[in-house]
Amino acid sequence: MDGSGASPPSLMNEYMMQGSVSSSGTRSMDVIVYFMNDEAVPLTVDGLSVMTAHELHRIIREVLVLPDIAQEVFALWLASPLLEVQLKPKHQPYKVCRQWHDLLARFTNNSAEDIHQDEPCLQFRRNIFFPKCRELQIANEEVLRLLYEEAKSNVLEGRYPCDLEDCELLGGLACRLELGPYNQEKHTPSTLRPKLECFLPSYVCKKRNGLLNAFINRGSRQANFEQTLLNSYKEVTENTCEEGETTNYKEYLKKCHELPYYGCAFFMGEIDKPAQGFLNRAGRKTVSVAINMEGVSVIDRKEKHVLISLKFSELSWDHTYPEREEHILWLEFDGNNEGTPVNKLLKIYSKQAELMSGLIEYCVELNQGGDMHSPDSVSGSTPITEKRSKLRRQESVLCNRIKHLTTIDYVDDGTEIKRVKPKRAASFFTRQSTHGYASVLPADSPVES
C-alpha cells in the first residue's frame with residue numbers, strides 16, 4: 001500500500017475535521033483492526049461514529065494488554081492501496097472513512113471508478129514520530145513483536161529495499177524468531193522451500209534469477225536460495241540469545257534501523273527520467289517518497305533501490321502548484337556538475353506534494369524542539385547535523401544514484417541565478433532546515449567533497 005500521509009500538516013487535519021456524521025453516536029458497531037502482518041482483531045464498540053482515534057487506541061491497547069508505552073509507539077492509520085493516512089488522536093476514524101473518497105479525489109490521480117471501489121482498512125501501526133532510538137529501550141515483548149512484524153512486512157513487500165546480504169541476515173533472524181533455534185535434523189532446504197517467501201523478498205529472488213541464470217534449472221536456483229537462507233539461519237542461531245525473544249526482536253529492528261527510510265510515511269510520486277537515446281527521449285519514473293524524522297528518501301519503485309536519500313540538514317524544499325499545472329515538491333541539495341559545485345533541484349510530481357511539504361516542516365520543527373532539550377536529536381542517537389557515514393558497498397541499494405536523476409543545476413552569484421556556474425550565495429528556496437544546510441561556496445573557496 002503506497003501513497004501515504006501523516007496527520008500533522010494542517011491541510012489534512014482541517015480537511016478531516018470538516019463535515020458531520022448523521023449516525024447515532026451511541027449505537028454499537030463492529031470494527032476490525034488490522035496489523036501489518038495481516039493479523040486482525042474484531043471489536044464491538046459503542047459510539048464508534050463519534051469516537052476519537054485516541055479513545056479507540058485505548059480500547060485496542062486494553063484488548064491486546066499492551067503497556068502504556070504503546071500509546072506513543074503505535075498510531076491508528078486508515079490505509080488502502082491508493083492512500084495511507086496516520087490519524088491524529090483527535091480525529092474520528094468513522095468520519096474520515098465517510099470522507100475517504102473525497103480524500104482520494106484530492107490527493108491521488110486515480111480514476112473515478114477506482115476511487116469509488118476503494119475502501120480503507122483501520123490499521124494499528126508504528127507512529128512515524130516515535131524516535132527509533134527508543135525502540136531498543138522497550139522491554140515489553142509483545143510491543144517488540146508488533147514492531148518486528150511491521151518491519152518484516154515492509155522488508156518483504158519491498159517498501160524497505162535491502163541489499164542481498166542484509167536480506168539474507170534478516171531472513172535468518174526471522175527464521176530464528178518464527179521457527180525456533182536451528183536444528184540440523186529438523187530444518188533442511190526442503191522444510192524451508194514452502195516458506196521461502198515468508199523470509200526473503202520476492203524481488204531479491206527475481207534479481208538473482210537474471211539473464212546469466214536463465215539457462216540454469218529452476219530447481220537448482222530455488223535450492224540455492226534455500227541453502228543460503230539456511231546458512232544464515234544457522235549462523236544467527238549461534239550468535240543470538242536462546243532464552244526469550246526480546247533480544248532477538250531488537251536485533252532485527254536494530255538492523256532495520258540502518259535503513260534511512262525505516263519508520264517512514266510513504267507517498268506516491270513521479271520524477272523526470274534523464275534523456276536517453278539518439279532522440280533524447282525522456283519520460284517519467286514512478287517513485288516512492290519516504291519521509292521520517294531523519295530526512296527524505298526517493299526510492300525507485302521498480303528497481304527497489306534508493307535514488308537519493310537526504311537528511312534534513314542536507315536539503316531545502318518547497319511545494320508549488322502553478323495554476324492549471326501539477327503539484328510539485330522541490331528538493332534542493334548540494335552537488336557538482338563536472339567538478340563545479342552547484343545546487344541541484346529535483347522535481348517530484350505528486351498530488352500529495354503539499355502533504356509531503358507539511359510533513360517535512362513538522363519533522364524539522366520536532367527535531368529542533370528535541371535538540372533544545374537533549375544533546376541527541378529526536379530522530380536518533382546522533383545529532384542531526386552529523387553527516388551520513390559512507391556506505392561499505394558501492395553497489396548498495398542505499399547508495400545515492402544522482403546520475404539517474406534529472407535535476408536543474410544552478411548557482412547564485414549574488415545578482416542573478418545562473419545555470420551551472422561556480423558561485424552561489426543563497427538558497428533558491430527560503431524554506432529549509434536551520435541545522436546545517438549551507439550554500440555552495442564561491443569557486444575560490446575550498447570545498448569538501
Side-chain angles (χ1 to χ4, degrees), residues 1-6 9 81-84 107-110 157-161 203 259-261 264-277 279-292 294-312 314-322 324-337 342-361 363 388 395-410 419-420 427-429 431-432 437:
M1 289 173 284
D2 297 287
S4 74
L82 305 185
L83 183 68
E84 299 179 0
F107 297 114
T108 74
N109 289 314
N110 296 97
E157 292 180 9
R159 286 159 63 101
Y160 290 173
Y203 71 88
L259 304 172
Y261 28 79
C264 278
F266 290 88
F267 300 83
M268 287 284 291
E270 293 181 328
I271 61 173
D272 293 316
K273 291 181 179 179
Q276 297 178 339
L279 299 177
N280 286 330
R281 291 179 177 175
R284 289 188 182 177
K285 180 190 298 288
T286 302
V287 297
S288 293
V289 182
I291 302 173
N292 62 9
E294 296 183 358
V296 181
S297 298
V298 180
I299 301 170
D300 189 318
R301 288 173 52 81
K302 180 180 178 181
E303 299 298 330
K304 306 297 184 185
H305 60 215
V306 169
L307 295 172
I308 185 73
S309 183
L310 299 164
K311 291 187 177 181
F312 292 129
E314 300 170 326
L315 63 85
S316 293
W317 82 98
D318 205 352
H319 159 250
T320 59
Y321 182 34
R324 294 187 297 276
E325 293 186 21
E326 298 176 85
H327 285 271
I328 297 174
L329 178 72
W330 296 84
L331 295 182
E332 177 192 48
F333 53 95
D334 290 339
N336 71 82
N337 188 306
V342 298
N343 231 34
K344 288 184 174 289
L345 298 177
L346 176 64
K347 296 170 65 176
I348 302 174
Y349 306 92
S350 174
K351 289 188 73 173
Q352 299 170 15
E354 189 168 0
L355 296 178
M356 295 185 226
S357 178
L359 180 56
I360 293 172
E361 185 168 9
C363 289
R388 215 170 36 245
E395 298 302 321
S396 169
V397 299
L398 305 181
C399 286
N400 287 337
R401 292 166 171 79
I402 305 297
K403 292 182 179 180
H404 294 192
L405 301 175
T406 297
T407 59
I408 301 172
D409 298 348
Y410 82 94
R419 297 289 292 270
V420 196
S427 169
F428 185 76
F429 298 133
R431 303 178 68 179
Q432 63 187 73
Y437 181 73

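Small disclaimer: the values here were computed from a predicted structure and weren't measured.
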Find the distance between CG (L331) and OG (S316) and round it off to the nearest 0.5 Å. 9.5 Å
Atom pair CD1 (I299) and CD1 (I308), whose distance is rounded to the nearest 0.5 Å: 12.0 Å
Flag side-chain contact, heavy atom, 4.5 Å: R301 against M268: yes
Test side chain to side chain contact (heavy atoms under 4.5 Å, CB included) on M356 and V296 and set out the steps. CA-CA 10 Å; M356 295 185 226; V296 181; over 6 Å; no
Rounded to the nearest 0.5 Å, how far apart are NZ of K347 and CH2 of W330? 4.5 Å
Partner residues of Y261 under the ring-ring contact (aromatic ring centres under 6.0 Å, His included) criterion, sequence neighbours left out: none
With distance as the sole test, does D334 use its side chain to make a donor-acceptor pair with the main-chain N or O of E314 at under 3.5 Å? no
Which residues satisfy the side chain to side chain contact (heavy atoms under 4.5 Å, CB included) test with K351, sequence neighbours excluded? N109
For S350, all residues meeting side-chain hydrogen bond (donor to acceptor under 3.5 Å, both in side chains), sequence neighbours excluded: none
Which value, rounded to the nearest 0.5 Å, describes the distance between E270 atom CD and T286 atom OG1? 5.0 Å
Heavy-atom check, side chain of E361 versus side chain of L359, under 4.5 Å: no
What heavy-atom pair brings Y203 and P161 nearest, and what distance separates the two atoms? OH-CA, 3.4 Å
Separation between OG of S357 and NE2 of H327, rounded to the nearest 0.5 Å: 11.5 Å
How long is the span from the CG atom in L355 to the CG atom in L83, to the nearest 0.5 Å? 8.0 Å
Passes side chain to side chain contact (heavy atoms under 4.5 Å, CB included), R284 versus I271? Steps please. CA-CA 5 Å; R284 289 188 182 177; I271 61 173; over 6 Å; no
